[in-house]
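We count ligands from 1, going down the list as the structure has it; atoms in each ligand are counted the same way. Computed from a prediction, not measured in an experiment: that's the story for all the values here.
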Amino acid sequence: MKIPDQGLSREAVFARLEEYRKDDTPWREGRTWAYVYDPGPEAESVIKDAFGSYLGENGLDPTAFPSALRMENEVVAMAAAHLNGDDEVVGSFTSGGTESLICAVKAARDRARELRPEIAVPEMVLPETAHAAFHKAGHYLGVKPVVTRVDPETFRADVGAMRDAITPNTVLLVGSAISYAHGVVDPIGEIGQLALEHDLLLHVDGCMGGFLLQYFARLGSPVPDYDFRVPGVTSISMDLHKYAFAAKGASVILYRDRKLRKYQMYACSNWMGYTVINPTVQSTKSAGPIAGAWAAMNFIGDAGYLEFTRKVRDATVEIVAAIDANPDLRMLGRPDMNLLSFASDTVSVFHIADEMKERRWYVQPQLAYGSSPENIHLSINPASVHWTDAMLADLHECTEKAKQLPSGELAPKIQEAFGHLAPEELTDDLFEGLLAMAGVTGTSLPGRMAEINEVLNALPVPLRERLLVEYLNVLYKA
Ligand SMILES: Cc1ncc(COP(=O)(O)O)c(C=O)c1O
């Protein structure tokens, strides 16, 4: 493939783009229960126009584009007030949860470099439910993750285990509000006390829950404290492109004070070009995402968010009750917000997910890890709640159907053939063999994912990760 000799017409460009979309998850119909945070068409059209109108402005230089600076200051101030920060709380707009977490980990690392220079390899204490982006941040920044168990019933962090994991090299503690996998809030108050006792930083990952939990609390749900009112909390991340319904590319990272934020920033004058001074990871960046986020918050407004929350809360209650009532399914923990997961002791959840896909639903399989068995995750959207009864009826039927399908045969074979291998022993031939056992041939995306999920689920974590990288490296052909 090469660039066409002559440009296509506008009509041809959009016709092609629409054609490319045909196999995507059908989120616009509201049948997608992960990945998409959909406020419905009215808000979407406002956000899209705001995003598009600032597409070309460059957020790199706030002196050249004061509009981007102004929008950022307003969005960050609204976010800080939302999380009950006082006048000292400051923050930055970032491209998403991962970037916000990279910033938080960098700030902790660089603060330790200045104040505790004796630390050679800094460590952060992560409950098993902390998002993978912390591991990625640690990998990029040379901060070692020290993973601690969570309660196997509630899936909340075990504060005793976190206490035991603190060493002279610890620079950061982490808690989630909410965790992605099970949708629960960690005991942030107790972790805050631990942070204060040991004079450590505490980051609260509110990427998923930071925004909407405030509304859940206002509607009377028993939300544990997690924001800047909790002593010991030093930074909070909160994605706007999740449940504040901004367009993707929008999150904030907030710090208790300016002194902490400075460690996240980067300046370079050590070259021949313009002065580089970046508050966050990105440099040149469209002002579209900040305009989209600004528009979402201003257009939807507090009353609009409260109404969205009421809808997703009611749907969550209904879904949890339906799962509790199905003898083949069992909830993992009790959700504090509108994300949940459930497992099965009698049926392959991977087959259930595939059967649901045949009926044009997207539900998200999650692999077993630690005390969390393989399961299905749902994130509930305002634009999906009218489907709740239909989705649940299909979930029950798909569970029955999945019971008839063969499962559990691959796992022992995979464990026997590959379980003992170190990741570096996975040669190209072995990799092909593994994929073939999972029913994957060539480079096209498999229609059903149950076998590949079963294979991944059966492998030890380092081999899983290696296989995923190999697979992705093949999938992106170009
Ligand atoms: C709790 C939590 N933290 C961090 C992230 C990472 O966010 P992103 O995918 O925007 O980088 C997610 C994503 O789902 C999340 O749920």
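- At least one donor-acceptor pair closer than 3.5 Å links the side chain of Arg464 to the backbone N or O of Leu456.
- By the neighbour-count criterion of 12 heavy atoms within 6.0 Å, atom NZ of Lys48 is sparsely surrounded, having that number or fewer from other residues, nucleotides or ligands.
- The closest donor-acceptor contact from the side chain of Glu128 to the backbone of Val150 lies under 3.5 Å.
- Of all the heavy atoms of Ile178, the ones lying under 4.0 Å from any atom of ligand 1 belong exclusively to the backbone.
- Between Phe211 and Tyr305, the gap from one ring centroid to the other is short of 6.0 Å.
- The N/O atoms of Asp205, backbone and side chain alike, include one that comes under 3.5 Å of an N/O atom in ligand 1.
- Atoms of ligand 1 lying under 4.0 Å from at least one heavy atom of Tyr180, given by number and element, are 14 (O), 16 (O).
- Numbered from 1 in the order shown, with element, the atoms of ligand 1 that lie under 4.0 Å from a heavy atom of Cys207 read 2 (C), 3 (N), 4 (C).
- Annotation: Tyr215 is in aromatic contact with His82 [ring centroid separation under 6.0 Å].
- Although no hydrogens or angles enter the test, the distance criterion places no donor-acceptor pair under 3.5 Å between the side chain of Asn278 and the main chain of Thr280.
- Near Asp239, meaning under 4.0 Å from any of its heavy atoms, are these atoms of ligand 1: 7 (O), 10 (O).
- Electrostatic pairing of Glu44 and Arg28 counts as a salt bridge here, judged by a charged N lying under 4.0 Å from a carboxylate O.
- For ligand 1, the polar-atom distance check against His241 finds a nitrogen or oxygen pair separated by under 3.5 Å.
- Heavy atoms of Thr98 found under 4.0 angstrom from ligand 1 belong to the backbone as well as the side chain.
- Scanning all protein heavy atoms for the shortest distance to atom 6 (C) of ligand 1 gives His131 CE1, 3.5 Å.
- Ligand 1 places these atoms under 4.0 Å from at least one heavy atom of Leu101: 4 (C).
- With atom 8 (P) of ligand 1 as the reference point, the heavy atom nearest to it among Lys242, Met208, Lys248, Lys136 is part of Lys242.
- Considering both main-chain and side-chain atoms, Gly96 never comes within under 3.5 Å of ligand 1 through any nitrogen or oxygen pair.
- Taking the ring centroids of Tyr180 and His377, they lie under the 6.0 Å cut-off.
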